[in-house]
Amino acid sequence: MRCAKREAPWETDSDKPSLITTLALAAALLAVGWLSAPANAQTPPPAAQVNAIYQQHCAVCHGVERTGAMGPALLPESLERTRTDEVLRVITHGRTATQMQGFAEQLSQQEIKDLAAWIRTPAATPPRWSEAEIRSSRSFFPAGKDEPSVPAWKADPMNLFVVVEGGDHHVSLLDGDTFEVITRFPSRYALHGGPKFTPDGRYVFFGSRDGWITKYDLWRLRVVAEVRAGLNMRNVAVSSDGRHVMAANYLPHTLALFDADLNLVRTYDANSQDGGRSSRVSAVYDAAPRQSFVVALKDIAEIWEIPYGSIRPVATGANPQDAQTRTMARAMEHLAVQRTTLSEPLDDFFFDQSYRHVLGATRARSAEDATPSAQVVDLDLRRKTADLPISGMPHLGSGITFAWNGTTVLASPNLGTGAIDVIDMRTWKPVRTLAMPGPGFFMRSHENTPYAWTDSMMSRTAKDTLTIIDKRTLAVAGQVREPGKTLAHIEFTRDGRYALASLWEMDGALIVYDASSFQEIKRLPMSKPVGKYNVWNKITRSEGTSH
């Protein structure tokens, strides 16, 4: 496999999507049945024959073993979420402003199907991505000797939005006061997991599904460093002191730890304590008050905590478990894995406001066992302390907490039902179930607004609706709609006065609403703006936004 160094970020032809990238993505979808094969479809050719086609046309960009190089990896884990209509559109018509042209007149459907069945199968040898390969993939672009350390634009640096446009793999930097785009630049393929900021808000780190981490300077508007942490990556986290970046990988089964300039510090194999089992890594988040990374494993019933700062004192009282807690806190070693054993793995999670408790969800294990579950894990006691009474399939990674009737409550969107369960975080008991138009994915609020906004984007009939909930009464206060479109993912301005929503379409838009009247203020055309992230809200861990 060839890993080419670049003269400048995203400026050479080799960095742009290739024909085979998109061909292979489309083929994978055909293979899993998302496209119908003709009734008289022929038996696929031998694997060696399809492998020869791949080596001739694909390996130069995607690696001899399909692990990726200048193009993304072409493995089952990397192709599982690509939509059929998007892939077919790109194969037929190409991708604007890239080398990917349309190939409807050059490629037969049978060749696509043959390649599809082959790349969708697991590799003969489980792919690896070693520490040596991680280090060799790194590029670094230092600032010029006399370059000023000040923003190249005039705006509030704490009220910027980073907008990820998934339609054509670009990022827009938006002034949150004027709602004008400061710059727009190309990104790596399929950014995922939400960008993360350094504590001063100057730098942002992007993670892509095919394992690339990009450090971008928001002040000087340029890429600082890039490295490939893995072959299929879930997300990245940045430590609260800005000194470390952690990547969670599905493939290989590792965590990768970097310094602030993306030099590799070390990797962690995601293995069980006895070494007998290996796991994909579901997610990693920064627990800022604890000065640690917290990690969920998808295939092993453990949650990990990896401290990066000095050990904080643990509050103690009359509880007989306090002595055990003190002992465990003293035993926490710098950058060493601290394990909490669970009964079920966590698919995703978020924290309560103290960051002592992890609130996690477990997906259904099989078709026979179709019951998901949710639980509370105490990171000080290192054990589960409660079950969360949430039905359906809660998306706790997008849950929010807020004050209500003298207590703090949790509310989370639900991928399986149209209901939002509101849970008292003192007793972990339900206080209200709110009926929504359909299943949703994102829920957001802000400490300066009495309202929480949630989508129903998982619903065929209500994906065009955002529902606004009054946090004081837990009643629906209003709705906004984009008939026939997908409307999702709210983020607020620094002061909470405006709510920004994504019209989640290829010819979509960023829609700015007045957060009090729910009236549209402005609309900016964008290419499938899958998410937008306010600098101040993220670095201050604002109430009602994802962390």
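- A salt bridge is defined here as a Lys NZ or Arg NE, NH1 or NH2 lying under 4.0 Å from an Asp or Glu carboxylate O, and Arg234 with Asp348 fails to meet this definition.
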Pair Arg220-Ser149, side chain to side chain donor-acceptor pair (under 3.5 Å): steps then yes or no: CA-CA 8 Å; Arg220 306 306 298 164; Ser149 183; over 6 Å; no
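- Under a 3.5 Å cut-off, the side chain of Ser445 and the backbone N or O of Gly544 do not form any donor-acceptor pair.
- Checked by atom type, the side-chain pair Thr341/Glu302 shows no donor-acceptor distance below 3.5 Å.
- Here the CD1 atom belonging to Ile306 is positioned 8.0 Å from the CG atom belonging to Leu335, to the nearest 0.5 angstrom.
- Using modelled atom types, no side-chain atom of Lys215 and backbone atom of Val204 make a donor-acceptor pair closer than 3.5 Å.
- Side chain of Lys196 to main chain of Gly193: a donor-acceptor pair is present (N/O by atom type, distance under 3.5 Å, no hydrogens or angles).
- Between Tyr533 and His489, the distance separating the two ring centers is shorter than 6.0 angstrom.
- A donor-acceptor pair is defined here as one N or O able to donate and one able to accept, closer than 3.5 Å; no such pair exists between the side chain of His395 and the backbone of Gly397.
- Between atom CG of residue Leu251 and atom CH2 of residue Trp129 there is a gap of 11.0 Å, rounded to the nearest 0.5 Å.
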Can you check side chain to side chain donor-acceptor pair (under 3.5 Å) on Glu133 and Ser130, steps first, answer last? CA-CA 5 Å; Glu133 288 170 307; Ser130 68; 3.2 Å; yes
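- Salt bridge status for Asp299 with Arg277: absent, with no side-chain N to carboxylate O gap under 4.0 Å.
- Counting all heavy atoms, side chain and backbone alike, Pro430 lies closest to Ile423 at CA-CD1, 3.8 Å.
- Under the 3.5 Å distance criterion, with hydrogens and angles disregarded, a donor-acceptor pair is assigned to the side chains of Asp424 and Thr407.
- A donor-acceptor distance shorter than 3.5 angstrom exists from the side chain of Asn235 to the backbone of Val284, with no hydrogens or angles considered.
- A distance-only check finds a donor-acceptor pair linking the side chain of Ser502 to the backbone of Pro529 [under 3.5 Å].
- Tested against Val422 for a side-chain contact (heavy atoms from CB on, under 4.5 Å), the candidates Thr433, Ile469, Leu410, Val409 yield a single pass: Val409.
- Side-chain N or O atoms of Asp274 include one that pairs as donor or acceptor with a backbone N or O of Gly276 at under 3.5 Å.
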Using the rule given for side-chain contact (heavy atoms from CB on, under 4.5 Å), can you reason through Gln338 versus Trp304, listing the C-alpha separation, both sets of side-chain angles and the distance that settles it, and then say yes or no? CA-CA 5 Å; Gln338 315 296 316; Trp304 291 2; over 6 Å; no
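- Here Phe197 and Phe205 keep their ring centres 6.0 angstrom or further from each other.
- For the atom pair CH2 of Trp536 and CZ of Phe161, the computed distance is 14.0 Å after rounding to the nearest 0.5 Å.
- Classification of the His169-Tyr189 ring pair by plane angle, with boundaries at 30° and 60°, yields tilted.
- Between Val227 and Arg138 the shortest heavy-atom distance is CG2-CB, 3.9 Å.
- Counted by atom type alone, Asp286 and Tyr308 present one or more donor-acceptor pairs between their side chains at under 3.5 Å.
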Run the numbers on Asp378 and Thr385 for side chain to side chain donor-acceptor pair (under 3.5 Å), then give the verdict. CA-CA 6 Å; Asp378 188 315; Thr385 54; 5.2 Å; no
Step-by-step side chain to side chain donor-acceptor pair (under 3.5 Å) determination, Thr254 to Asn249: CA-CA 5 Å; Thr254 61; Asn249 289 320; 3.0 Å; yes
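- If you check the side chains of His253 and Ser279, you find no donor sitting under 3.5 Å from an acceptor.
- Classification of the Phe351-Phe349 ring pair by plane angle, with boundaries at 30° and 60°, yields perpendicular.
- Judged by distance alone, the side chain of Ser137 and the main-chain N or O of Ile134 form a donor-acceptor pair under 3.5 Å.
- Proximity of a side-chain donor or acceptor of Ser292 to a complementary backbone N or O of Glu305 within less than 3.5 Å is not detected.
- Heavy-atom minimum distance, Phe293 versus Val238: CE2-C, 4.1 Å.
- The closest side-chain donor-acceptor pair between Asn534 and Asn159 falls under 3.5 angstrom.
- A distance-only check finds no donor-acceptor pair linking the side chain of Asp259 to the backbone of Leu264 [under 3.5 Å].
- In terms of heavy-atom proximity, Gly242 sits nearest to Ala260 at O-CB, 3.4 Å.
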